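Please read these numbers as outputs of a predicted model, since none were measured by experiment. The chains referred to below are lettered A, B, ... by the order of the sequence lines, with proteins before strands, and numbering in each begins at 1.
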Amino acid sequence: MSIKSFNPNRIRNKFPILNKKINNNQLVYFDNAATTQKPIQVIESINKYYSEYNANIHRGIHTLAEKATQEYEKTRKTVSKFINSRSEKEVIFTRGTTEGINLIASSFVKNFIKKGDEIIISEMEHHSNIVPWQMICEENEIILKTINVFENGEIDLDNFKELISNKTKFLSIVHTSNTLGTVNPIKEMIEICKKNNIITMIDGAQASAHSKIDVQDLNCDFFVLSAHKMYGPTGVGIVYGKEEILEKMPPYMGGGEMIKDVNFKKTTYNELPYKFEAGTPNIGDVIGFNEALSFINNIGLDNISLYEKELKNYASNSFNEIEGINIIGNSKNKIGIFSFTVDKIHYYDLGLLLDSKGIAIRTGHHCTQPLMDKFNLEGTARVSLAIYNTKNEIDYFVEKLKQLIN
Amino acid sequence: MSIKSFNPNRIRNKFPILNKKINNNQLVYFDNAATTQKPIQVIESINKYYSEYNANIHRGIHTLAEKATQEYEKTRKTVSKFINSRSEKEVIFTRGTTEGINLIASSFVKNFIKKGDEIIISEMEHHSNIVPWQMICEENEIILKTINVFENGEIDLDNFKELISNKTKFLSIVHTSNTLGTVNPIKEMIEICKKNNIITMIDGAQASAHSKIDVQDLNCDFFVLSAHKMYGPTGVGIVYGKEEILEKMPPYMGGGEMIKDVNFKKTTYNELPYKFEAGTPNIGDVIGFNEALSFINNIGLDNISLYEKELKNYASNSFNEIEGINIIGNSKNKIGIFSFTVDKIHYYDLGLLLDSKGIAIRTGHHCTQPLMDKFNLEGTARVSLAIYNTKNEIDYFVEKLKQLIN
Amino acid sequence: MKSTNSIQKDIISNFQTLDDDFEMILNYLIELGEKLDEFDVEEKKDDNLIKGCQSKVWLSYKIIDNKLFFSGDSNTSITKGLLSLLIKVFSNQTAEEIIKTKLFFINETGLCRFIGTQRSNGLESMENKFKIIALSNKK
Amino acid sequence: MKSTNSIQKDIISNFQTLDDDFEMILNYLIELGEKLDEFDVEEKKDDNLIKGCQSKVWLSYKIIDNKLFFSGDSNTSITKGLLSLLIKVFSNQTAEEIIKTKLFFINETGLCRFIGTQRSNGLESMENKFKIIALSNKK
Ligand SMILES: Cc1ncc(COP(=O)(O)O)c(C=O)c1O
Ligand SMILES: Cc1ncc(COP(=O)(O)O)c(C=O)c1O
């Protein structure tokens, strides 16, 4: 499918929720950075799993267990291709980005980071990429440093380079900011890290549905994402890790599935990726996630990027014409995420008033309080776009916002 | 509904999968201890969530977010009533029993258990109630002790009392064994613990769908369960903890939702239960779980226990008549879980051969290797019953098993 | 003086005329907020602050003839409207009356829509603040 | 001597007559297992053991005229049947031929049904054992 033949309405039809009326108005869903909506094929595949072949996986030999295991592992294969990992063993299922970061913070630190060492994050991180590091650093007397963010929402690369010392062992950085839309120069940053023997983790929560991720090309050591921000179900996420590093890490949780042999004297752990998947996983939703990836693959990330860029530019131009609006985050390289404040209307009022017109936006600190503090804000209103959004919706939004301002 | 009017066929009709044919035979699903099947109301509620009001919860103010939050929190209320906790704050959502035990092992130990202290589990524990304790004990130089299990599958209470010392700080014990079916005298054990200031955790994975759980009556400090073993979706579990203990525990994972204020200098954590729920939870399935609990409540746990007991006795009598079968676990107090071996047929062959007749059973060590070792077994075949199983199915199973043996 | 219950009933019947129209409810709340007496800037201090998830509320009071009179403000217009309703219910009442009042108008008007669970801080902690003030002024 | 590929094709056509009937496939496998030559008890040692998730397999071999001849056993009848197929394919072949053989019959017969992902240990590690033996006996 080329971008010419790209028809957002054909895509919209695949999302049952987009036909809903909210407060007597057609739903305009602009809260995609919080979670995306789900196409019918995802919903149906979960339905089918529970109606036709629900069973616990891996250990069972009966037909249902076999089928469920195959479908579950099929998703792993699809993810592996999607992010271009060397092997399926490098794909670990989690509940979401947050659990992924906690897994890495907890299991990695135990082996590789010592008292007095340093970990670097940035000022624009989501709480999920701050708090796990704060917790683990406090417990282990490790020093946490933060890279400065410029007024325009871009990262201060010089400051990053200054922060690096021979004690720096780890960089955890967001690929695309959920508040500013900024796409960070992560490839460049990873390269710098490689030269300094710094392990890198990329928070890809906001990136993975919008642009092609190639973990081999990036050469990052870890990459985490959430299915629910990629048209997939809630409760599923991925940790990608380089095999040689994952091999060396101790398990995160203990339990069924992650063991080879359990003995009160000596327990041995299973091989990758199972070592990191303790207990019955979220089978139904992992299977549903496969359909979300099919949905994305069918349109093609190139087409998605292209269309979303067009949409972002259109939105950007329209918003700039509104008097009294302040856009927070004007990075040259950004995606369709717009944080803004409006003179004289509190974002909370804005959110509710727009909701009464059927428009769903997010308001608040977007789980980036340090960034809000930095910009002297308590919160913002945020519009975040996805593949099913249209220029018409942006026009409608602009019209309603102008009415509120005037 | 009284047991007289109890009609398993009316219940069977609510489970779409039970109409399936497996290898040209009607499915006979006897693998309920691994995971139960799901009634249509559970499947439909997940479908409805994704089709009508999918949104990220708690922080959003738009209509979809509001509705999703309400439905998510409704499940917490239902769970709280279901287990009779004092407050909803005592109900924490997890991925399942395994994550719950890891949460407790990790967060509780940090504050309350010191080097040289002792934790007690039993020989009949599931790996999920062994390995987290092994990991945390090794890391913190805590001693792990195990209560003896008798040949008949009952726990050795005298041995338990002997194991208790003034160093004993924690007991983690399974309510109902997934391999033996044994229902442990946990109320008595908890009482003994209370007298000795020992904190108690009950692994309720196999109990919660089959008998009434009242955490206040039990007076346990923690109770964990998995939704997928209670006619609910995969990917959801509960940690119940007494409020005063949960209050004192540090958070498990860091991230969104579990914080009050994040600051690079000082981060403060959210109140209960949110302190323990980092990141976007498994919203869709938590909502689906509410319907599973409704399903159980509508039949009534009294009726369920009564019917399942009848079924268990029927099965027990039928199995005892089969020549060459050895039932492992003959506790006086047990539920409809039958582990067995058959002379001359390996359990693996049994599992596959029965599967070819449409009968789904589990084979292997059932994630209880230490128990297998104790009984000098490598594994067993296991039949585990649920509310939708019937005497007819048991007859069919016995007939096929006899054919295989002869 | 009307009882807190009959004031609540008045509020409910006012809201009924809005026919559950979300937009009208919001606009009505904003209007109600605008009608609140000007709040003394000096009272905008931390002691009087109720911090919700996304909005701030200040609440102060006076006692005249054994009765409490509240005034308040918020940085968001809609919250201010909600606050004005609570002030309407609780003002000109004795501490005892305030303490024993059960707020039923919130559910019946559908205003619970604004008490999202984690944002309960919002309305719930507002209610708590009124009650705490009343408790500390009980005879 | 038939090539490993043509032996695999024979196996596939034998299985085709079973019409994907699961029960018939199982019984056929069990029969195949029963036809395996008796395994020398002395060879039932840990060195020759391939441990799967639920079953055990023993594999030993001889070399005659540069060709490898395998014999094996299993504690489960169905696995033994699967093993007999691998022995059929790989026996009476040179190490070089074994190493370069791609097993396609497993997928085409639907026997992959028995290679559950985590149980892959089963068939996959059986295949690996054959190849390792061949590698260590390569000229
Ligand atoms: C007694 C017992 N404990 C714990 C578990 C682990 O539960 P889950 O896999 O849902 O985390 C199981 C599941 O088989 C169980 O039977
Ligand atoms: C940049 C970023 N990182 C991490 C997260 C956390 O993801 P989840 O809540 O799915 O764990 C989010 C979600 O908002 C995010 O936007």
Side-chain angles (χ1 to χ4, degrees), chain A residues 16-17 20 22-23 31 34-35 37-38 43 46-47 50-52 54-56 59-64 95-96 98-99 102 127-128 130-132 134-135 146 226 228 233-235 253-256 259 261-264 267 278-280 282-285 351-352 355 360 362-364 367 369-370, chain B residues 16-17 20 22-23 31 34-35 37-38 43 46-47 50-52 54-56 59-64 95-96 98-99 102 127-128 130-132 134-135 146 226 228 233-235 253-256 259 261-264 267 278-280 282-285 351-352 355 360 362-364 367 369-370:
Chain A
I17 206 172
K20 295 288 297 177
I22 299 294
N23 302 316
D31 192 16
T35 197
Q37 297 304 335
K38 322 304 172 199
I43 303 171
I46 297 170
N47 194 319
Y50 286 123
S51 306
E52 299 186 11
N54 167 66
N56 213 329
R59 303 282 175 174
I61 56 172
H62 56 75
T63 301
L64 295 178
R95 178 173 41 244
T98 302
E99 189 186 13
N102 279 278
H127 293 165
S128 291
I130 300 174
V131 185
Q134 288 184 319
M135 286 166 62
T146 51
S226 295
H228 74 92
T234 52
M253 296 189 195
I259 54 91
D261 280 299
V262 174
N263 190 294
F264 287 132
T267 286
T280 303
N282 185 355
I283 306 168
D285 293 327
L352 283 169
D355 185 43
R362 186 132 303 221
T363 60
C367 293
Q369 276 187 342
Chain B
I17 206 173
K20 294 289 297 177
I22 299 293
N23 301 316
D31 192 17
T35 197
Q37 297 303 336
K38 323 302 173 200
I43 303 171
I46 297 170
N47 194 320
Y50 285 124
S51 306
E52 298 185 13
N54 167 66
N56 212 328
R59 304 282 174 173
I61 55 172
H62 56 76
T63 302
L64 295 178
R95 178 172 40 245
T98 302
E99 189 186 11
N102 279 277
H127 293 164
S128 291
I130 300 174
V131 185
Q134 288 184 320
M135 286 167 60
T146 51
S226 295
H228 74 92
T234 52
M253 296 189 196
I259 55 92
D261 280 299
V262 175
N263 189 294
F264 287 131
T267 287
T280 303
N282 185 355
I283 307 168
D285 293 327
L352 284 170
D355 186 43
R362 186 131 304 221
T363 60
C367 293
Q369 276 188 340

Looking at [options], which makes the most heavy-atom pairs under 4.5 Å with chain B?
{"options": "A55(A), G284(A), G256(A), S226(A)", "answer": "G256(A)"}
{"options": "L64(A), T234(A), I130(A)", "answer": "T234(A)"}
{"options": "G255(A), P233(A), A278(A), G96(A)", "answer": "G255(A)"}

Partner chain A: residue of [options] with the largest heavy-atom pair count (under 4.5 Å):
{"options": "N102(B), T98(B), D285(B), T35(B)", "answer": "N102(B)"}
{"options": "Q37(B), E99(B), M253(B)", "answer": "M253(B)"}
{"options": "D355(B), T280(B), D261(B), V262(B)", "answer": "V262(B)"}
{"options": "C367(B), P132(B), G351(B)", "answer": "P132(B)"}
{"options": "V131(B), N54(B), I43(B)", "answer": "N54(B)"}

Exercise. Would you say N56(B) and D31(A) make side-chain contact, with heavy atoms under 4.5 Å?
Worked result: no

Problem set entry | From NE2 (H62(A)) to CD1 (I22(B)), nearest 0.5 Å |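 The distance works out to 9.0 Å.
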
Exercise. About how many Å separate OG1 of T267(A) and NE2 of H127(B), when rounded to the nearest 0.5 Å?
Worked result: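 Going from the NE2 atom of H127(B) to the OG1 atom of T267(A) covers 7.5 Å.
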
[X] versus chain B, heavy atoms under 4.5 Å apart: side chain, backbone, both or neither?
{"X": "T63(A)", "answer": "both"}
{"X": "L352(A)", "answer": "both"}
{"X": "N282(A)", "answer": "both"}

Exercise. Are the side chain of Q134(A) and the backbone N or O of N263(B) linked by a donor-acceptor pair below 3.5 Å?
Worked result: yes

